[in-house]
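Inspection log for the structure reproduced underneath, given as structure tokens.
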There are 2 protein chains.
Amino acid sequence: MRKLSINKAFMLLEPGPVVLVTTADKGKNNIMTISWHMVMDFTPQFALLTGAWNYSYKALVKTKECVIAIPTVDISRTVVKVGTCSGSDTDKFKKFGLTPLKAKLVKAPLIKECYANIECRVTDHIKKHNIFVLDAVCAWIDNGRKERRTIHAKGDGTFVVDGHTINYRKLMLPKLPAGV
Amino acid sequence: MRKLSINKAFMLLEPGPVVLVTTADKGKNNIMTISWHMVMDFTPQFALLTGAWNYSYKALVKTKECVIAIPTVDISRTVVKVGTCSGSDTDKFKKFGLTPLKAKLVKAPLIKECYANIECRVTDHIKKHNIFVLDAVCAWIDNGRKERRTIHAKGDGTFVVDGHTINYRKLMLPKLPAGV
């Protein structure tokens with residue numbers, strides 16, 4: 001994993017992929033699968049929606065830290081399985097053969113098998129709506145990886161895989177943030 | 001456009017596509033292009049992030065209504081162009097040859113050229129974070145349409161088009177909401 005310029009980190013969430021979110025509470029790592037997130041700012045700042053129904057919720061409230069890991073299609077079956085069991089009775093890293101790597105600025109682990117990882121700090125918790133506001137503080141990318149296609153949940157148990165890319169950079173140039 | 005069961009409407013936003021959001025202020029229709037949205041609940045409830053930098057912001061605050069239209073790849077160039085000009089000096093429906101259709105429960109128009117349209121009411125405005133909370137009240141889908149691939153912004157002026165679909169329904173069955 002190499003460091004990714006922090007002003008490019010929003011690009012990992014902007015397309016709306018399914019992500020894995022790791023937490024660490026008293027040294028106990030956990031992972032949840034989530035699609036309910038959005039970019040809030042290029043800085044980058046993200047919103048994540050989760051509540052007490054998720055085992056990771058308590059760790060997120062308590063530690064105010066997490067890592068957003070971006071999985072690709074080659075591990076999509078694992079991503080779905082991670083989302084269908086609970087950290088309350090499962091060590092998901094162990095069960096699914098995922099490798100926790102030490103992050104730089106937060107205690108939550110990176111996931112080695114993911115294409116990219118974003119270390120985040122919780123800066124606000126809008127309890128009324130179950131929204132966590134996150135500041136990304138450090139980002140990592142595995143540039144050696146051939147498979148970079150992410151997956152997008154359709155909500156009915158099916159997932160759309162990234163297809164081809166269209167380039168509208170010329171059209172959008174005046175609107176693009178610096179450094180991307 | 002045929003009615004889409006409201007409990008399936010979240011499926012249109014869950015994959016994180018670029019969307020068009022229409023508003024109508026004193027009979028003046030406008031459109032903005034946006035990627036900063038997320039599903040908040042299956043009911044369905046959505047979050048949309050926009051602020052005073054967007055001309056549609058005032059109409060959204062004032063009318064508390066909008067339509068989220070889901071464009072597909074065949075009109076992606078138009079979608080990008082809609083996002084690079086302002087409703088302050090442009091009639092975007094006219095300029096880009098888009099057709100406003102009368103919605104059922106809100107004054108903001110549907111967009112005929114889009115694959116689907118979701119009529120929404122603003123139920124909360126978290127000013128501190130520029131987040132609008134929306135309840136979807138009616139949804140429409142053009143089932144006769146062959147092109148259904150949506151686009152996902154990468155943030156650098158490039159866009160990923162939907163590729164193939166993977167089916168994990170069996171794995172996810174206990175986690176799926178009713179009726180999808």
Side-chain angles (χ1 to χ4, degrees), chain A residues 8 10-18 35-42 44-49 73 76-77 79-81 83-84 124 126 128-131 133 149-177 179-180, chain B residues 8 10-18 35-42 44-49 73 76-77 79-81 83-84 124 126 128-131 133 149-177 179-180:
Chain A
K8 285 189 178 176
F10 84 94
M11 291 178 58
L12 297 165
L13 284 206
E14 181 101 6
V18 177
S35 281
W36 294 2
H37 58 72
M38 69 174 171
V39 176
M40 291 181 63
D41 200 348
F42 300 116
Q45 191 176 58
F46 305 125
L48 200 72
L49 193 142
V73 61
S76 57
R77 179 172 285 272
V79 171
V80 171
K81 284 183 178 172
T84 53
D124 202 359
I126 308 165
K128 182 183 172 189
H129 292 295
N130 294 309
I131 293 174
V133 178
R149 291 175 300 163
T150 63
I151 55 167
H152 305 261
K154 295 193 81 169
D156 62 351
T158 67
F159 294 80
V160 179
V161 182
D162 285 347
H164 71 282
T165 298
I166 308 180
N167 190 331
Y168 288 128
R169 277 183 73 84
K170 271 190 190 167
L171 269 178
M172 283 190 66
L173 224 49
K175 286 277 185 175
L176 297 179
V180 302
Chain B
K8 285 189 177 177
F10 83 95
M11 292 179 58
L12 297 166
L13 284 206
E14 181 102 5
V18 177
S35 281
W36 294 3
H37 58 72
M38 67 175 172
V39 176
M40 291 181 63
D41 200 348
F42 300 116
Q45 189 175 56
F46 305 126
L48 200 72
L49 193 142
V73 61
S76 57
R77 179 172 286 272
V79 171
V80 171
K81 284 182 177 171
T84 53
D124 202 359
I126 308 166
K128 181 183 173 189
H129 292 295
N130 295 309
I131 293 173
V133 178
R149 291 174 301 163
T150 63
I151 55 167
H152 305 261
K154 295 193 80 169
D156 63 352
T158 66
F159 295 79
V160 179
V161 182
D162 285 347
H164 70 281
T165 297
I166 307 179
N167 190 332
Y168 288 128
R169 276 183 73 85
K170 270 190 191 168
L171 270 177
M172 283 190 68
L173 223 48
K175 287 275 185 178
L176 296 180
V180 301

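Proteins come first, then strands; the chains are lettered A, B, ... in the order of their sequence lines, and each starts at number 1.
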Item to check | From Met38(A) atom CE to Phe46(B) atom CZ, the distance as rounded to the nearest 0.5 Å | outcome: 12.5 Å

Checklist entry - In terms of heavy-atom proximity below 4.5 Å to chain A, should Lys128(B) be classed as side chain, backbone, both, or neither? => result side chain

Next on the checklist: Using a 4.5 angstrom heavy-atom cutoff, name the option from Thr150(B), Asp41(B), Thr158(B) with the most pairs to chain A.
Outcome noted: Thr158(B)

Checklist entry - For the candidates Lys8(B), Met40(B), His37(B), Lys170(B), which exhibits the highest count of non-hydrogen atom pairs separated by less than 4.5 Å from chain A? => result Met40(B)

Next on the checklist: Looking at chain A, which one of Ala153(B), Gly83(B), Ala47(B), Pro17(B) has the largest number of heavy-atom pairs inside 4.5 Å, strictly under?
Outcome noted: Ala153(B)

Checklist entry - What part of Pro177(A) is in contact with chain B, defined as an atom under 4.5 angstrom from a non-hydrogen atom: side chain, backbone, both or neither? => result side chain

Checklist entry - Ile126(B) versus chain A, heavy atoms under 4.5 Å apart: side chain, backbone, both or neither? => result side chain

Next on the checklist: Heavy-atom cut-off 4.5 Å, strictly under: side chain, backbone, both or neither for Arg149(B) against chain A?
Outcome noted: side chain

Checklist outcome for this item: Residue from Val161(A), Val180(A), Thr165(A) scoring the most non-hydrogen pairs under 4.5 Å with chain B is Val161(A)

Checklist entry - With chain B, which of His129(A), Lys81(A), Met172(A) has the greatest number of heavy-atom pairs at distances under 4.5 Å? => result His129(A)

Checklist outcome for this item: Max heavy-atom pairs within cutoff under 4.5 Å with chain A, candidates Asn167(B), Leu173(B), Val18(B), Asn130(B), goes to Asn167(B)

Item to check | Toward chain B, the part of Ile131(A) with a non-hydrogen atom under 4.5 Å | outcome: side chain

Item to check | Portion of Ile166(B) that has a non-hydrogen atom of chain A nearer than 4.5 angstrom | outcome: both

Item to check | Region of Asp124(B) in contact with chain A, defined by heavy-atom distances below 4.5 Å | outcome: side chain

Item to check | Region of Phe159(B) that comes under 4.5 Å of a non-hydrogen atom in chain A | outcome: both

Checklist entry - Looking only at heavy atoms, which two atoms of Pro15(A) and Lys154(B) are closest? And how far apart? => result CG-CA, 4.1 Å

Item to check | Closest non-hydrogen atom pair, Ser35(A) against Glu14(B) | outcome: CB-OE2, 3.4 Å

Checklist entry - Out of curiosity, Ile151(A) CD1 to Tyr168(B) OH, how far, rounded to the nearest 0.5 Å? => result 7.0 Å

Checklist entry - Which bit of Val133(B) comes within less than 4.5 Å of chain A, counting heavy atoms only: side chain, backbone, both or neither? => result side chain

Item to check | Top contributor to chain A contacts, counting heavy-atom pairs under 4.5 Å, from Leu176(B), Val80(B), Asp162(B), Val39(B) | outcome: Val39(B)

Checklist outcome for this item: Okay, His164(A) and chain B: the region with an atom under 4.5 Å from a heavy atom over there is both

Checklist outcome for this item: Between Arg169(A) and Asp156(B) the two heavy atoms that sit nearest each other are NH1-O, 2.6 Å

